[in-house]
Structure formats: structure tokens, C-alpha cells
Amino acid sequence: MTDRVRVAVVCGASAGVGRATAHALARAGYRVALIARGAQGLDDTQAELESGGTRVLAIALDVADAETMDRAAERIEAELGPIEIWVNSAMATVFGPVQKTSAAEYKRVTEVTYLGVVHGTLAALRHMQPRNRGTIVQVGSALSYRAIPLQSAYCAAKFAIRGFTDSLRCELIHDKSRVRLTMVQLPAHNTPQFDWSRNKMPRRPQPVPPIHTPAVAAQAILRAAREAPRELWVGRASFQAIIGTLLMPGLLDRMMARQAWDGQMTEEPTHAGQPDNLFQPVAGLHRLEGRFGDQALAKAPSLASETVGKLALGLGLLGLISVTAIAFSLG
């Protein structure tokens with residue numbers, strides 16, 4: 001009797017978090033389908049995985065194209081087998097103030113970062129729902145709860161992903177579907193995004209510390225794929241951003257206005273004519289990590305949102321009991 005074939009799909013697999021996730025899934029024994037625009041980055045990732053004995057299918061496409069995504073899913077099923085895990089990790093962004101960001105740039109970020117997730121999810125559901133099994137992992141961000149200045153297009157797309165995911169989750173529950181849906185809310189990571197994203201700021205962009213290695217994100221995504229919590233919150237900064245926004249959003253607005261402006265820029269001036277990957281891939285930058293390796297942490301705490309909720313409820317009840325006890329003692 002042979003072991004069951006396990007197939008995982010990673011969108012945005014040519015660099016950064018997506019590439020690290022492909023490696024993690026390969027090590028876990030999955031056949032891996034790689035989806036991204038850049039053929040060279042896909043080829044490199046495929047070669048890395050195949051050198052370890054993983055069966056790989058690489059498909060170059062733009063996740064903004066829904067029809068192409070559907071055809072890719074059909075090809076994956078035909079060549080690798082039934083899709084068990086689908087990871088939506090592809091993204092694009094623009095760094096800069098709202099007034100300096102064009103309507104075309106907002107549209108493109110939305111098409112890739114938000115609609116790419118919708119297209120991937122729909123493609124996955126078409127194959128998972130008839131079998132009534134499978135797991136879809138949305139790669140989110142603390143910025144899906146706490147928006148920051150100079151990244152309005154990206155923050156809006158991540159907020160949209162969370163809204164879409166929450167709505168779909170309700171529908172799956174209503175239908176008593178066994179297809180699982182989970183979202184991973186990530187902190188800052190050392191990826192090439194800060195080298196190839198379109199930049200309207202006067203200085204080169206950087207992630208807001210604390211910064212983590214892409215492997216941290218990959219392990220969290222693998223955990224989410226296995227356990228399927230409603231959400232998985234990764235890193236101290238994510239906890240602070242999400243809980244802080246729920247409790248004191250106005251205060252965080254003012255904090256972000258002060259800290260997240262210069263905090264997103266290095267001291268290096270922006271290079272005029274620097275190529276970016278908003279509308280087409282950038283050659284030579286499809287790497288696993290970015291240029292902030294000396295600051296990147298190799299570990300981060302993670303908690304399922306359900307666990308956070310139980311802890312909050314427990315602390316709230318403890319506080320209520322304490323107040324009641326004090327009131328009785330004073331009476």
C-alpha cells in the first residue's frame with residue numbers, strides 16, 4: 001500500500017515568504033506547485049526543491065488573471081494530484097503618500113494583493129469542495145488590522161483579504177463544508193520586497209522592526225495549514241498591533257503618524273530610475289531573503305486567535321471576580 005499523495009500550491013513562490021513556504025512544504029513531504037510571474041525565480045526555486053527529491057511543478061502566471069489561475073489549478077490536479085493545501089502569498093505594494101500614488105497603482109496593488117487571493121481561493125475551492133476536504137491559507141499581515149502611513153494600497157488590500165476570508169468562512173460553516181480556511185497575520189520579514197517594490201518615498205524602504213527571517217513565516221504558514229486555526233497571529237509586534245487597534249485605535253493613529261513614517265525609511269536616498277516589480281518582474285532580485293539579514297530574528301511567538309480570545313475572556317473574568325470581591329469586602 002502506498003502513502004497518500006499530498007499536494008500543496010504556493011502562490012508568490014519565487015521569493016521571500018512564498019519561497020520559504022515552498023521549502024517548508026517540501027521538507028514536510030508535499031509535492032509542491034509553484035506559482036509566480038518571474039520565470040527565473042521559479043526556475044531557481046524549482047531546482048532547489050528538486051535537489052532535495054521533491055516533485056515540483058512550476059507555472060509562470062500573474063495571479064491577477066483569474067482564468068489563467070483556473071487553468072493552472074486544473075494542470076496541477078492533472079500532473080501532481082489532488083490539491084490538499086493552497087497558500088495565497090503573492091503580493092505587490094507601493095511605498096509612498098496617498099497623494100503621490102496614482103489610481104493605476106492602487107488598481108494594480110489591488111489586483112495582485114487582494115484579487116490574487118480571491119482568484120487563488122476560487123480556483124482551490126472548485127477542486128476542494130467536490131471532495132469536501134482541503135485547506136486554504138491566506139497570508140495576511142498585522143497590517144490587515146492596523147493600517148500605517150505610506151502603505152495605503154497594501155494595507156487596504158490586506159484589510160480586504162480579511163473581510164473576504166471572514167465572509168467565506170461563514171459560508172463554509174453554513175454549508176457544513178469540511179474545507180478549512182485560515183489566515184496568518186505576519187509581522188515584518190526580511191524579504192526582497194524592500195528592494196523591488198515601487199517607492200515614492202525620498203529614502204529607500206525598510207521593514208519596521210522587529211524583523212524576522214522568511215523561515216519564521218514559513219513555519220507559521222505550515223502550522224496553519226496543519227491545524228487550521230481561524231487566524232494565527234505571529235510575533236510580538238502583531239499581537240501589539242492587533243490588540244492595540246481593538247482597544248485604542250485613536251492612540252495608535254497618533255503613534256503611527258510619529259513612528260511609522262521615518263521608521264519605514266533607511267538613511268539611503270532613493271535611486272532614480274530604480275526598477276520595480278509592480279507591473280512586471282524585476283530580473284536578478286528573486287531571492288529568499290532581503291538585505292536586512294543582520295537584523296532578522298529566527299524565532300517569533302505565535303498564537304491562534306481562539307487562544308487569544310480565551311486568554312482575554314479569562315483575564316476579563318478574573319478582573320470581574322476581583323472587582324466583585326473588593327465590592328463585597330467594602331460592603
Discussion item. Under the ring-ring contact (aromatic ring centres under 6.0 Å, His included) definition, can you give me all pairs with a residue in residues 13-59, not counting sequence neighbours?
Written reply: none
Discussion item. I'd like to check the ring pair (Phe, Tyr, Trp, His ring centres under 6.0 Å) partners of H119; sequence neighbours left out, ordered by chain and number.
Written reply: none
Practice prompt. List in chain and number order the residues that pass side chain to side chain donor-acceptor pair (under 3.5 Å) with T93, two or more places apart in sequence or in another chain; answer none if no residue qualifies.
Written response: none
Less than 3.5 Å apart, which donor and acceptor atoms pair up between the side chains of residues 95-104 and the rest of the protein, not counting sequence neighbours?
| residue | atom | partner | partner atom | Å |
| --- | --- | --- | --- | --- |
| T101 | OG1 | P97 | O | 2.9 |
| S102 | OG | E105 | N | 3.1 |
| S102 | OG | E105 | OE1 | 3.3 |

Worksheet item: Does anything in residues 157-181 pair up under ring-ring contact (aromatic ring centres under 6.0 Å, His included), and if so which pairs, sequence neighbours excluded?
Response: none
Worksheet item: When you check the side-chain N and O atoms of N88 and T121, is any donor under 3.5 Å from an acceptor?
Response: yes
Item to complete: Could I get the full list of side chain to side chain donor-acceptor pair (under 3.5 Å) partners for R55, not counting sequence neighbours?
Response: none
Item to complete: List in chain and number order the residues that pass side-chain contact (heavy atoms from CB on, under 4.5 Å) with A215, two or more places apart in sequence or in another chain; answer none if no residue qualifies.
Response: T213
Worksheet entry | ring pair (Phe, Tyr, Trp, His ring centres under 6.0 Å) involving W196 - partner list, sequence neighbours excluded | H286
Worksheet entry | With D166 via salt bridge (Lys or Arg N to Asp or Glu O under 4.0 Å) - residues at least two apart | R169, R230
Item to complete: Hey, can you tell me if W233 and Y145 have their rings parallel, tilted or perpendicular (30° and 60° cut-offs)?
Response: perpendicular
Practice prompt. Kindly write out the residues that satisfy ring pair (Phe, Tyr, Trp, His ring centres under 6.0 Å) with Y154, not counting sequence neighbours, or none if the list is empty.
Written response: none
Practice prompt. Would you list the pairs meeting salt bridge (Lys or Arg N to Asp or Glu O under 4.0 Å) in which at least one residue belongs to residues 268-291, sequence neighbours left out?
Written response: D195-R287, D195-R291, R198-D276, R204-E268
Worksheet item: Considering the options L150, V109, N199, which one meets the side-chain contact (heavy atoms from CB on, under 4.5 Å) requirement together with V94?
Response: V109
Fill in: Contact list for residues 125-142, test salt bridge (Lys or Arg N to Asp or Glu O under 4.0 Å), sequence neighbours left out
D70-R126, E77-R131
